[in-house]
J.: 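Could you have a look at this structure, given as structure tokens, before my questions?
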Amino acid sequence: MKTQSRRNFIKNGTLSISALGLLRQAALAQEVQKPIVLSTWRFGLQANAEAWKILSTGGQALDAVEQGVRLVELDPNERSVGYGGRPDRDGRVTLDACIMDHELNIGSVACLEHIKNPISVARAVMQKTPHVMLVGEGALTFALSQGFKKENLLTPESEKEWREWLKTSQYQPPVNIENHDTIGMIALDQAGNLSGACTTSGLAYKMHGRIGDSPIIGAGLYVDNEVGAATATGHGEEVIRIAGCHLVVELMRQGRAPEEACKEAVERVYKKQRKKIRDIQVGFLALNKEGIYGSFCLQKGFNYAVHNKDGNRLLNADYKVQ
Ligand code: ASP
């Protein structure tokens, strides 16, 4: 069909199937909300603001999530992530982190000591080794070989609290922000690519060597560039049990909206742990390829930060246990 006659054809109101398909695709492309970045908890606001500097100038989601969470890792006043994080029961600060990009590249470190930015070590594992995960001494040796500095991460405040805790040595992680919490961040960049990062000092006063969901790809974080991304916070053992973030992404693949997918994952934890449900928190945060986001948690109290072109704001997640 010549250009002129095609124009007439469209003008006459009888669009061909292929023309309709093209129009629909164009409309869908216009609707995608990008760039956008989401992070868990209140400290997500400052992390999002940092990530936004990269996303709003056309940068990659992978760089944005790394730089965003680094800020929280470096803040000694954030006592559940990175430097200044609460130690394990032996007084050792052990950090867990992972990162994932839009091409299924992954990198992770677990039980890493003495390094202020575990997320950047995770990225180095992803980009500079044939492996996807390094733990403990091996992770530290690798970090030092990459030029990371060995430092003391136990601040006087965290040490004082730990010594206080030793008097009773009662291990009972509370349900919300009191002595744990992770920064999980997921982002969609201008080019339409998704990435995610997740980093934590884990549950305070855990056994030495305990690893939570945060460095486990599929548990604390998962990204599939065809579908969406998800990250988690809360009692890591429960998130690992249901392969939480992989589950959320797979549910989105089956057509669930982000919040519905998060809710279904929370329901699985609820079913398993009904009897001690008041003692557990899990929260999921999800973003799909269209830039639509959602969240759901077990108990009231989980909030998350969203930054898109309309600004940066903190929202409360809906919850299961009333
Ligand atoms: N999920 C983290 C862990 O289990 C802690 C948290 O997010 O509260 O290590």
Side-chain angles (χ1 to χ4, degrees), residues 38-44 47 69 72-73 75 78-82 84-89 92-100 108-113 118-119 122 133 135-136 139 153 158 161 171-186 196-222 230-248 262 265-266 268-269 272-273 276 278-286 295-305 317 319:
L38 299 156
S39 313
T40 53
W41 303 108
R42 176 174 286 280
F43 44 43
V69 303
V72 181
E73 288 180 334
D75 185 347
E78 294 304 349
R79 313 283 294 286
S80 56
V81 179
R86 292 184 178 86
D88 63 19
R89 57 187 62 178
R92 297 164 74 162
V93 180
T94 65
L95 305 177
D96 294 343
C98 73
I99 193 158
M100 185 162 189
S108 160
V109 287
C111 205
L112 172 63
E113 294 180 78
I119 198 66
M133 190 168 194
V135 304
L153 304 184
S158 285
E161 264 188 24
Y171 179 70
Q172 215 164 36
V175 296
N176 277 317
I177 200 144
E178 301 85 352
N179 85 344
H180 50 95
D181 297 330
T182 298
I183 178 140
M185 177 181 267
I186 45 183
C198 186
T199 174
T200 188
S201 51
L203 299 181
Y205 319 130
K206 59 194 176 185
M207 289 170 71
H208 181 65
R210 180 266 186 189
I211 291 168
D213 58 315
S214 309
I216 314 263
I217 295 288
L221 180 75
Y222 200 71
T231 190
T233 184
H235 292 81
E237 285 73 7
E238 305 311 320
V239 178
I240 295 171
R241 205 185 302 286
I242 61 158
C245 287
H246 187 259
L247 173 64
V248 170
C262 294
V266 166
R268 294 213 188 163
V269 176
K272 163 81 180 134
Q273 299 296 15
K276 51 173 185 173
R278 295 266 168 208
D279 300 328
I280 293 169
Q281 174 65 304
V282 294
F284 291 101
L285 187 54
S295 180
F296 203 82
C297 62
L298 199 51
Q299 319 268 353
K300 188 178 178 177
F302 170 51
N303 49 26
Y304 62 99
Y319 51 94

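Sequential numbering from 1 along the given sequence is applied to the chain's residues. One-based numbering, in listed order, for ligands and for the atoms of each.
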J.: Out of all atoms in ligand 1, which are within 4.0 Å of some heavy atom of S214? Include the element for each.
T.: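 Under 4.0 Å from S214, ligand 1 has these atoms: 1 (N), 2 (C).
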J.: For G202, counting its heavy atoms only, list the atoms of ligand 1 lying under 4.0 Å from any of them.
T.: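 Listed by number with element: 9 (O).
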J.: For ligand 1, is any non-hydrogen atom under 4.0 Å from S80's backbone (N, CA, C, O), its side chain (CB onward), both, or neither?
T.: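 None of S80 does.
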J.: Which residues pass the salt bridge (charged side-chain N to carboxylate O under 4.0 Å, His left out) test with E238, not counting sequence neighbours?
T.: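 Here the qualifying residues are R241.
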J.: Using heavy-atom distances, let me know which of V81, D181, T182 sits nearest atom 2 (C) of ligand 1.
T.: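 Considering heavy atoms of V81, D181, T182, the nearest to atom 2 (C) of ligand 1 sits in T182.
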J.: Could an N or O of ligand 1 be found under 3.5 Å from any N or O of T233, whether backbone or side chain?
T.: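 Yes: some nitrogen or oxygen of T233 is under 3.5 Å from one in ligand 1.
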J.: Side chain of E78, backbone of F43: donor and acceptor closer than 3.5 Å?
T.: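 No, because the side chain of E78 does not come within donor-acceptor range (under 3.5 Å) of the backbone of F43.
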J.: Flag G212 as yes when one of its N or O atoms lies below 3.5 Å from any N or O atom of ligand 1, and as no otherwise.
T.: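 No.
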J.: With distance as the sole criterion, is a donor-acceptor pair present between the side chains of S158 and R79 under 3.5 Å?
T.: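 R79 and S158 do have a side-chain donor-acceptor pair below 3.5 Å.
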J.: Answer yes or no: does an N/O atom from G234 fall short of 3.5 Å to an N/O atom of ligand 1?
T.: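 There is such a contact, yes.
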J.: With a 3.5 Å distance limit and no angle check, can you tell me whether D88 reaches the backbone of T94 through a side-chain donor-acceptor pair?
T.: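 Flag not set: sc D88 to bb T94 has no pair under 3.5 Å.
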J.: May I ask you to list the atoms of ligand 1 that are less than 4.0 angstrom from any heavy atom of D213?
T.: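 Checking each atom against D213, I get 1 (N), 2 (C), 3 (C), 4 (O).
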J.: Tell me the nearest of R210, E237, Q281, H235 to atom 9 (O) of ligand 1, using heavy-atom distances.
T.: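 Answer by nearest heavy atom: R210.
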J.: Answer with side chain, backbone, both or neither: which part of E238 has a heavy atom less than 4.0 angstrom from an atom of ligand 1?
T.: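 No part of E238 comes within reach of ligand 1.
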J.: For the side chain of T200 and the backbone of S80, is there at least one donor-acceptor N/O pair under 3.5 Å apart?
T.: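 Yes; judged by distance alone, with no hydrogens or angles, the pair exists.
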J.: Tell me every residue that passes salt bridge (charged side-chain N to carboxylate O under 4.0 Å, His left out) with R89, counting only those two or more places apart in sequence or in another chain.
T.: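 For R89 there are no salt bridge (charged side-chain N to carboxylate O under 4.0 Å, His left out) partners, ignoring immediate neighbours.
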J.: Between E237 and R210, does any side-chain N to carboxylate O distance fall below 4.0 Å?
T.: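 Salt bridge flag = yes for R210 with E237.
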